[in-house]
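Encoded as structure tokens, the structure appears first; notes follow it.
Just so you know, these numbers come straight off a predicted model, no measurement behind them. Start at 1 with the first residue, then count along the sequence. Atoms within each ligand, like the ligands themselves, are counted from 1 in listed order.
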Amino acid sequence: MPAPSKGEKVFRGIAVSAGVCRGKILVLHHARHIISRRELPTHETAGEIERFEKALVQTRRQVLDLQHRVMQNMGAAEANVFEAHLLMLEDRVLLDEITRLIREQRVNAEYAFHAVAERYAEVLVASEDEYLRERASDIRDLISRVLDNLLEVKNEFDLRHLAESCILVSRDLSPSTTAQLDKTYVLGFATDIGGQTSHTAIMARSLGIPAVVGLQSVSEELETGDYALLDGYNGTIIVNPTDQTLFEYGQLAKIKASLEEKLREIRGQPAVTLDGKAVQLSANIEDQRDVETVVANGAEGVGLFRTEFLFINRDSLPGEEEQARVYRQVAAALKPHPVVIRTLDLGGDKFVSHLQLAKEVNPFLGWRAIRFCLAQPELFRAQLRAILRASAEGNVKMMYPMISGLDELNQANALVEKCKAELRAEGVPFDDKMEIGAMIEIPSAALIADILAARVKFFSIGSNDLIQYTLAADRTNERVSHLYEPTHPAIIRLIQTTVEAAHRHGIWAGVCGEIAGDPVLAPLLLGLGVDKLSAAATVVPQVKYIIRRLKLSETQALAEFALHCESPTEIYARCRQLARDTAPSLFESKT
Ligand code: PEP
Ligand code: MG
């Protein structure tokens, strides 16, 4: 329960994943390591000591390298600072104590190392001598380096050793870290930076973990152990909530439970408007484990399988066999509904550590998605063959991300033809008629949609990127989040252009960006003629709920208004009004 001496404090940010949770905070900003004590069987202690010694050797190499670079760039005096680190790495008294602890108490290396080294640091902190006190920060720096190596932390948080449930608070969380979050322990998370459509936010929605981002300096102001309530509907984190606040949130939980009941009732019903327009409503997934959530939320298959998450958080690339197995499993599990597999979209805010991609100044404008794949034909070929093999299931479609012009589309299609010829020659079955589509998420693609439409079987509008590229507003940067406006007339016109081009060429156009899962914006998309929507499985029931209460004619009137209105705010207000009037119970948790 909250400490009675501290008052309630509310921090406001951007709500990115709905839900409320409460519990103790774990701040990841200062301490990136979670050290738990593990008892080892006696026969494992020698191996543990060896692991510890390897980490020391690795750390020594890193410190020497760093010292060398500092010497070259800054000079001998600055480089000398690292002598203290090197001396500590050779301090026999310290090291012997650690190995003794591992051997005699049979504990894991990081626990023994941290316990002993931290005690040294504390003695230094308590010293009267200023010089010695300053050495404490050296030893802490070194502790952190050794722990990085022991826990194999690569500038990422290691959340494998969480032992109790908590609300994570940190400056940032990468999409790959977020993908590892274990819902058993992580009740929710809050970060200083981030935006509504960053992949971290998308992962949170997909996992169904309440999350708030863009809280500015919350990771510095909160402390591990603080008791807080995180409100992922309204984008707040409330530290030391009062009894009154807790009561209000208790009421909210009751309202939400009754809404959940209503949503469950329509789970098996189609997404069809009151005047009979059926909309295919499918889900976005990140890996095969998400299939369960797709079915549980009544989504009609998968409209976007973000395959890059198969490539993240591992030491080697998934080969053709592994990919084919995963894609086939997903397709088989969701039959007869379609599964749209998107080819690899690495880059932007999604990186794979073992590929050692060079850091770029503008990663979202750089070597990402189809650009990366066309430059890595072997890697791309393995994925294309795997998707083709899975297409034998009969319900697979494939699409390319980040198409900016015709050449990329032609090159990718040529590679597909080559893969098909190979498979044919090998006698491997595949669906020769598998539909191939292009994502429309770069303004240039939307503007030449008529040219692209003649070469593909469908369009899937990636509004997350389309908005950031059209409005030059980084989707992960909370400082420009006010400019990231889905109802900007430029976005509405680009969507309309794309949909019209698709229909003129007899193909369908869907939206798989986050706006498709927003009950405020989904009606506008229907009014603009969008044929299919795909969103995080957890929000599919809400979108279905509102579609079933609307008339297509109402959405068309809304689109008509939007196409003639100059102001993004007014368009948004009109969308919100229609949504609130149509489905008030969806909005009862919003303040
Ligand atoms: C998009 O850009 O809207 C999209 C669906 O792809 P991603 O979010 O993975 O970039
Ligand atoms: Mg995209």
Side-chain angles (χ1 to χ4, degrees), residues 16-17 174-176 178-179 194-207 213 281-287 290 299 302-312 339-352 362-373 397-404 408 437-446 458-477 484-486 488 491-492 494-495 498-499 509-518 521-522 525 530 532-537 539-540 543:
V16 295
S17 183
S174 71
S176 47
T178 313
Q196 178 66 249
T197 63
S198 66
H199 283 96
T200 300
I202 291 171
M203 288 301 304
R205 282 192 283 278
S206 180
L207 290 162
V213 302
L281 190 50
S282 50
N284 296 348
I285 63 168
E286 277 81 40
D287 68 38
D290 296 339
V302 166
L304 166 63
F305 184 168
R306 289 188 166 95
T307 56
E308 48 281 3
F309 285 89
L310 285 178
F311 290 68
I312 285 174
V339 171
V340 182
I341 303 178
R342 174 174 76 183
T343 61
L344 193 58
D345 181 10
L346 278 181
D349 58 352
K350 291 170 289 193
F351 290 98
V352 193
N362 283 318
F364 275 115
L365 300 182
W367 210 37
R368 182 185 166 192
I370 195 74
R371 302 162 179 196
F372 172 80
C373 286
K397 300 176 199 290
M398 179 174 83
M399 64 183 178
Y400 310 122
M402 284 273 287
I403 291 291
S404 65
E408 286 164 333
M439 285 195 72
I440 303 295
E441 47 186 352
I442 299 184
S444 59
F458 64 92
F459 283 153
S460 186
I461 301 172
S463 51
N464 304 337
D465 279 315
L466 186 63
I467 298 169
Q468 82 162 343
Y469 293 135
T470 306
L471 304 177
D474 183 344
R475 61 194 270 190
T476 67
N477 187 340
Y484 189 96
E485 292 175 301
H488 192 294
I491 303 301
I492 292 167
L494 288 176
I495 294 176
T498 306
V499 173
V511 174
C512 63
E514 298 305 294
I515 56 175
D518 183 340
L521 298 172
L525 299 176
V530 168
K532 305 183 186 203
L533 300 174
S534 189
V539 299
V540 160
V543 178

Closest approach of A201 and V16, non-hydrogen atoms and distance?
CB-CB, 3.7 Å
What residues sit with at least one heavy atom under 4.0 Å from ligand 1?
H199, I202, L304, R306, R342, D345, K350, R368, M439, E441, G462, S463, N464, D465, R475, C512, G513
Determine whether a donor-acceptor pair (N or O, by modelled atom type, separation under 3.5 Å) exists between the side chain of [X] and the backbone of [Y].
| X | Y | value |
| --- | --- | --- |
| T470 | L466 | yes |
| Y484 | N464 | yes |
| S206 | A536 | no |
| E286 | R306 | no |
| E441 | M402 | yes |

Quick one: list whatever passes ring pair (Phe, Tyr, Trp, His ring centres under 6.0 Å) with F309, sequence neighbours left out.
none
All pairs passing salt bridge (Lys or Arg N to Asp or Glu O under 4.0 Å) where residues 462-472 contributes a residue, at least two apart
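The answer is R368-D465, D465-R475.
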Spacing of NZ belonging to K350 relative to CD1 belonging to I202, to within rounding of 0.5 Å:
7.5 Å
Note on the Mg ion (ligand 2): protein N/O/S atoms within less than 2.8 Å are E441 OE1, D465 OD2
